[in-house]
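Please read the structure below before turning to the comments.
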Amino acid sequence: MIRARILTSTSSCYFRSVSIRQLSVKTMSSTISLKNSSLLQTQALINGEFVNGSVAAGETTFEVQNPATNEHLISITNTNNKDFQTAINAASAAFTGFRKTTARARSNLLYNLYELVLENKEDLAKIITLENGKSYTDSLGEVAYAASFLQWFAEEAPRVNGDIIPSVNPANRVLTIKQPLGVCGVLTPWNFPAAMITRKLGALLAAGNTAVIKPAAETPLTALAIGKLVIDAGFPKGVVNIVPTSHKNTPAAGEFICEHPVVKKVSFTGSTAVGKLLARQSASTMKKLSFELGGNAPFIVFDDADLKKAIPGVIASKFRQSGQTCVCANRIFVHEAIYDEFAAKLVEEVSKFKLGHGLVEGVTHGPLIHERSLNKINSLVHDAKSKDAKVLIGGSPATSLGPFFYHPTVLGDVTPKMDIFNEEIFGPVASLVKFKTDEEVIALANDTSVGLAGYFYSEDISRIFNVAESLEVGMVGANTGAISEASVPFGGIKESGLGREGSMYGIHDWLNIKTIVIGNI
Ligand SMILES: NC(=O)c1ccc[n+]([C@@H]2O[C@H](COP(=O)([O-])OP(=O)(O)OC[C@H]3O[C@@H](n4cnc5c(N)ncnc54)[C@H](O)[C@@H]3O)[C@@H](O)[C@H]2O)c1
Ligand SMILES: O=CCCC(=O)O
């Protein structure tokens, strides 16, 4: 059995006093054991084998930290562009055979992977919690969500049809077939280290492509565990390559993938700023792009809203993964007639959260991912307070729990003058903005350069249609704060990205339409 050492120096007192699920933690060092120890991989998956990267002495590995403690979790082999080239070569060679497999064969492989992910859900969830920090319950939810994309695209693979199109020329017949693109670059974030891989991978494999995946440097373990299951599911070698790389090497890796002529498409989930950089780099080879980027989601509570529904809705939308989700509510607009009641009820619910190490029983919310995030949240809250926002609960770091914890926070009297109104918060801060009229709130909601998700609560069917149609976003939740599932076309408009993932449309972003005109009939 492979065991990973986890150092627990500064947090030892905290750990000693709590029960951590199936994880024996001692004072200075400890071990984590998985039921399926083969899931703990620290090397790159290239051409069907786990191998070391070719980084020269000094930086041969990079460290993964546990965000709950900021302590060293494990060392991962470091890679450079030579390794990405080897992975692209492997994916390119594998594409020759994989593109010719039947859709049913690919579907069966995806079903195998789906079942393996579910069979290993406890281990995968434990890994997610350790490297991402979210609660174990949330991690189990993420594994189920991740698996659902594999199931969905196993079902979609055999349903990619071509067309027969009438021609103006009676002697011609026009038909289309859909063909895979080739080698695809997949750049995934740390906030959903399993689901953001499977949402892309399920679709691209169903379509017959091959992949080189670069997981975020914060969360390579989940990606590599999925890589092991890809092998166990029976995918041919080289079809899926997973190349973790350090923070320092990430920009070079991104550029290499985006500019590589053999890579036919890049799919990225992350910030709009990085998305714009990758788009510029990809222009040199005119790559296809699917980008799922930042949001600034409005969450509107109209005066006719049912607060028994709206409060759980805002909790689900705002505080999922401690606010570190691209579709999280960012600006919560509340009608002035119900503002005080809504604010009081929200504060009451937020006060019930249990913040802590995600593997501790009962913990509902974990830490932020890293120091940069904590500093950003701190500065947004400071700016809001300096401009007369009121802290209704929280409003400060919770460093007694660990260096990156921030108290779940509700800010009242937020206005458009404040940075928190205009920037993606990506943290556990609910900012409440008072409004008077539908026109005013729609204008405020749309006054942003991004448009990923938007939510609102109302019991009036006319208003439901009017507001849903008026919000400048890719996805609307009307009387729900939870919109994500495999059947949903997931993606944004404006600067929130390009393309749609999941759903019946998701596979088409990974296919070329080829037109065949047959003449002289
Ligand atoms: N849309 C999402 O789901 C999502 C996920 C993670 C982060 N974010 C955004 O990013 C912000 C902060 O997160 P961060 O500090 O990790 O941000 P970041 O912009 O530094 O990185 C975001 C992601 O992009 C990758 N990345 C960064 N530079 C890259 C490059 N030059 N080439 C290729 N990949 C690159 C990182 O590995 C990471 O996964 C958040 O506030 C949020 O706006 C969004
Ligand atoms: O944060 C990115 C994706 C979140 C989701 O799929 O709901």
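Atom set for the values below is all heavy atoms of this structure, side chains included, hydrogens, waters and symmetry mates excluded. Positions are given from 1 along the sequence. Whatever order the structure lists ligands and atoms in, that order sets their numbers, starting from 1.
Heavy-atom proximity to atom 25 (C) of ligand 1, evaluated over Phe268, Trp190, Phe192, is greatest for Phe268. Remark: among candidates Pro189, Ala252, Gly185, the nearest residue to atom 5 (C) of ligand 1 is Pro189, based on non-hydrogen atoms.
Remark: ligand 2 and Ser484 share an N or O pair separated by less than 3.5 Å (distance only, no angle test). Polar contact check, Cys326 against ligand 2: a nitrogen or oxygen pair lies under 3.5 Å apart.
The cationic group of Lys276 does not satisfy the cation-pi geometry with Phe291, failing either the under 6.0 Å distance to the six-membered ring centre or the 45° limit from the ring axis.
Two rings, from Phe149 and Tyr114, have their centers 6.0 Å or more apart.
Remark: minimum distance from atom 21 (O) of ligand 1 to any protein heavy atom is reached at Val274 CG2, 4.3 Å. Ranking protein heavy atoms by distance to atom 15 (O) of ligand 1, first place goes to Arg372 NH2, 2.5 Å. For atom 42 (C) of ligand 1, the closest non-hydrogen atom on the protein side is Glu424 OE1, 3.5 Å.
The aromatic rings of Phe333 and Phe421 sit perpendicular to each other, their planes meeting at more than 60°, with 30° as the lower class boundary. Classification of the Phe299-Tyr457 ring pair by plane angle, with boundaries at 30° and 60°, yields parallel.
Heavy atoms of Met196 come nearer than 4.0 angstrom to ligand 2 in at least one pair. Judged by the shortest distance from any of its heavy atoms, Gln321 lies outside the 4.0 Å radius around the atoms of ligand 2.
Note that atom 12 (C) of ligand 1 has no protein non-hydrogen atoms nearby, at separations under 4.0 angstrom. For atom 36 (C) of ligand 1, the nearest protein heavy atom lies 4.0 Å or farther away.
The part of Leu278 lying near ligand 1 is the side chain, judged by heavy-atom distances below 4.0 Å. Here Asn191 has side-chain heavy atoms under 4.0 Å from ligand 2, and that is the only part of it that gets that close.
Heavy-atom proximity to Leu293, at under 4.0 Å, picks out these atoms of ligand 1: 1 (N).
In summary, Lys352 and Glu349 engage in a salt bridge, as defined by a charged side-chain N under 4.0 Å from a carboxylate O.
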